[in-house]
There are 2 protein chains.
Amino acid sequence: MHAPDGDRLAALAALLADPTRAQMCLALLDGRAWTAGELARHTGVGASTASDHLSRLVGGGLLAQERQGRHRYVRLADTRAAHLVETLAAQAGPAPAGERPRSLRTASADRALARARTCYDHLAGRLGCAVTEAMTHRGLLRQDTGFALTDAGLAWFAEQRIPLPRTGRRPLVRACLDFTERRPHLAGAAGAALCRHALERKWCVPAGTGRALKVTDHGEHLWREALGIDAAALR
Amino acid sequence: MHAPDGDRLAALAALLADPTRAQMCLALLDGRAWTAGELARHTGVGASTASDHLSRLVGGGLLAQERQGRHRYVRLADTRAAHLVETLAAQAGPAPAGERPRSLRTASADRALARARTCYDHLAGRLGCAVTEAMTHRGLLRQDTGFALTDAGLAWFAEQRIPLPRTGRRPLVRACLDFTERRPHLAGAAGAALCRHALERKWCVPAGTGRALKVTDHGEHLWREALGIDAAALR
DNA sequence: GCGACGCTTCGGCCGCCACCGCACGGTGCG
DNA sequence: CGCACCGTGCGGTGGCGGCCGAAGCGTCGC
C-alpha cells in the first residue's frame, strides 16, 4: 500500500525515466514543436514506438499536441513542464567527458551549445550567463538576497523597448541553473522577452538545427552597447 | 543509440519512478534521518526490498547514509536533492479528493499538514505561506520582480537576531512551491534559518510523528509581534 | 557467550514495458 | 483516382526490475 502522493510522484518521474522519452523532452527544450516522425528519427526508434511514447507524455501532461493534416505536432505543455525538465537535466548534469563518444562533429556541436543556446524560451550557455552576470554587475538584477530585478532593471527593459508582460501567472523572473556553466541564468517572463527581443532584432540567430545560437556581427556591437558584453570573448 | 544526457536524465528520473522509492523520499522531506527499518515499515515492504531501494537511491546521489552500529541512517543528500523532490512533488500535485482512502485519521492528519509543516528545513503549509505573504506585505520580501529579500528584509533578520549565513553555495533565498497552498513560500538559507529560529524559540513545535507543526500558545503572540500574523486564523 | 535484532546478499518469481514488424486508416499530392 | 507518406493499433518478444523468503553477517544487550 502506498500513499497516493507517492504514486503520483512516481508516475510523473516514470515519464522521464526512459532514455528515449528523456531525449525527446530534451530535444523539445528548444521550445519548438516537433513532429512525431522527427522525434522518432532523432531518438533512433521506430515510428510506432515513438507514437507510444508521445501518447504517454501527452497523457501525463508534460507535452501538448496539435494535429495538422497528417502531422502530429508536439511541444512541451507549458513553462512548468519545461522548468521541470530543465531542473532534472541540470541535476543530472552532463555526462563525464570519458563516457561520451567523441567525434569532430559532436565536439564542435558541444562547443557551439556551450557558447550560446536557447533553454526553452530564454538564453543560456556562456552568453546567457554573461547577460545575467552583466545585469547583476550593473545593478539591474539582484542576486545577493535572492533573484529579482531591481527598479533600475525595470527601467532598463523599458529603455530597451522590451515589453515585460505584467499579466499571467508566470513569474517575471526566475533563476535557471545552466547545464554547462553550472551558474544561474535569467529565466521567467523577462528572460523570454529578452530572448525574443534578441532574436527578432538579430542580435543572435539560430545556428544549425538544434538549440545553438550564434551572435551576429552587428549583434556583437549591440550586446556591448546594451550591457557591456564582449561577445567575442565568449568564443 | 541515445544521447548521454538523455541517459543520465532518465537514470535520475528512474530513481523516483518507483512508488516505494518516491514515498521514501517524500518521508525524508522532513529533513530527519530515518533508519532503513523505519522506511521499510512506513512504505509497507520487506526489509530486503527497502535495503535494495536505499542502495539505489544512495548510489544515485539522492540520499546520503551514515552507519551507526547495527543501524543504517539515511537522509536526503543535500538541499539540491531536497529541492528536486519538492519540485517534482509540487508538479505531481496532491491526489484528487476522490482517489485517496478517507478516514478520520488521515483526514485530520491532512488538515494538520495543510495548516503548518516543515518542507525539508523550512516552513510550509498555511503558516509558511502566511509568513511569506506577511514579509512581502511589509516590504521585507520582493515578489513582483522575482523573489528576493529587500534591504529592509535583511534588517528585519538582524533585528530578530536570526543569523543569516552569507557563506556557502546555497542561495540565501529561494521560492518553493507549496504542495497544498499552490503558492510560493520562503526557502533557501534564510527560510531554513527562520524555521530553525522558530523551532528553537518554540514559536511552533513538531506535532505527531510526521512533518506537521503546531503553533504554541506563546508562539501565537510572537508571530503577531514579529510579522503581524494571526496564527489562530490559520486553523 | 548467547540470543535478539537490524541489515544485507542471493535466488527465484512475476509482471511490466520498450521495442519491433506489420497491417490499417487518414491525409496530401499529382 | 491512385500513390506516397505519416501516424496508430496489435500481437509477440525479450529484458529489466520490484518483490519476497531464507540464509548469513555484524551489532547490541543480557
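Just so you know, these numbers use all the heavy atoms, side chains as well, and skip hydrogens, waters and symmetry mates. Order of the sequence lines fixes the chain letters, A, B, ..., with proteins taken first and strands second; residue numbering starts at 1 for each chain.
- Rounded to an integer number of Å, the gap from CD of Q68(B) to C1' of dG26(D) is 15 Å.
- Minimum atom distance to the side chain of D18(B) is reached by dC19(D), of the listed dC7(C), dC19(D), dC17(C).
- Taking atom NE2 on H53(A) and atom P on dG7(D), their separation rounds to 15 Å, with Å as the unit.
- Under 4.0 angstrom from either OP1 or OP2 of dG18(D) there lies at least one side-chain N or O belonging to R56(B).
- The side-chain heavy atoms of R201(B) and L222(B), taken from C-beta on, include no pair separated by under 4.5 Å.
- For H71(B), counting side-chain heavy atoms from C-beta on, the closest listed nucleotide (dG18(D), dA4(D), dC7(C)) is dC7(C).
- For the OP1/OP2 pair of dG18(D) and a distance below 4.0 Å, the side-chain nitrogens and oxygens of T20(B) include no atom meeting the criterion.
- In this structure, R70(A) and S51(A) both approach DNA chain D, and ranking their closest nucleotides by distance from the 5' end singles out R70(A).
- Taking the six-membered ring for Trp and thresholds of 30 and 60 degrees, H185(A) and H122(A) have ring planes inclined between 30 and 60 degrees apart.
- If you measure from atom CG of L54(B) to atom C1' of dC19(D), you get 15 Å, rounded to the nearest angstrom.
- A47(B) comes within 4.0 angstrom of a nucleotide base, judged by non-hydrogen atoms across all strands.
- Contact annotation: side chain of S48(A) to base of dG21(C), donor-acceptor pair present below 3.5 Å.
- Residue R21(B) places at least one side-chain N or O closer than 4.0 Å to OP1 or OP2 of dG18(D).
- Atom CD in E66(A) sits roughly 17 Å away from atom C1' in dC6(D) (whole-Å rounding).
- Atom-to-atom, CG of L39(A) to P of dC6(D) comes out at 14 Å; the value is rounded to the nearest Å.
- Annotation: side chain of D78(A) is not in contact with side chain of R170(A) (no heavy-atom distance under 4.5 Å).
- Rounded to an integer number of Å, the gap from CE of M24(A) to C1' of dC19(C) is 12 Å.
- Between T49(A) and dC20(C), a side-chain N or O to OP1/OP2 separation shorter than 4.0 Å is present.
- dG6(C) atom P lies 10 Å from atom CD of E38(B), rounded to whole Å.
- Nearest nucleotide to the side chain of T35(B), out of dC20(D), dA18(C), dC7(C): dC7(C).
- Straight-line distance from the OH atom of Y73(B) to the C1' atom of dG6(C): 11 Å, rounded to whole Å.
- Comparing R41(B) and D52(B) by the nucleotide of DNA chain C that holds the closest heavy atom to each, the one mapping nearer the 5' end is R41(B).
- Side-chain N/O atoms of R72(A) include none lying less than 4.0 angstrom from OP1 or OP2 on dC6(D).
- Remark: the backbone N or O of L172(B) is not paired with any side-chain donor or acceptor of R166(B) at under 3.5 angstrom.
- E38(A) and R32(A) are not joined by a salt bridge, as no carboxylate oxygen comes within less than 4.0 angstrom of a charged side-chain nitrogen.
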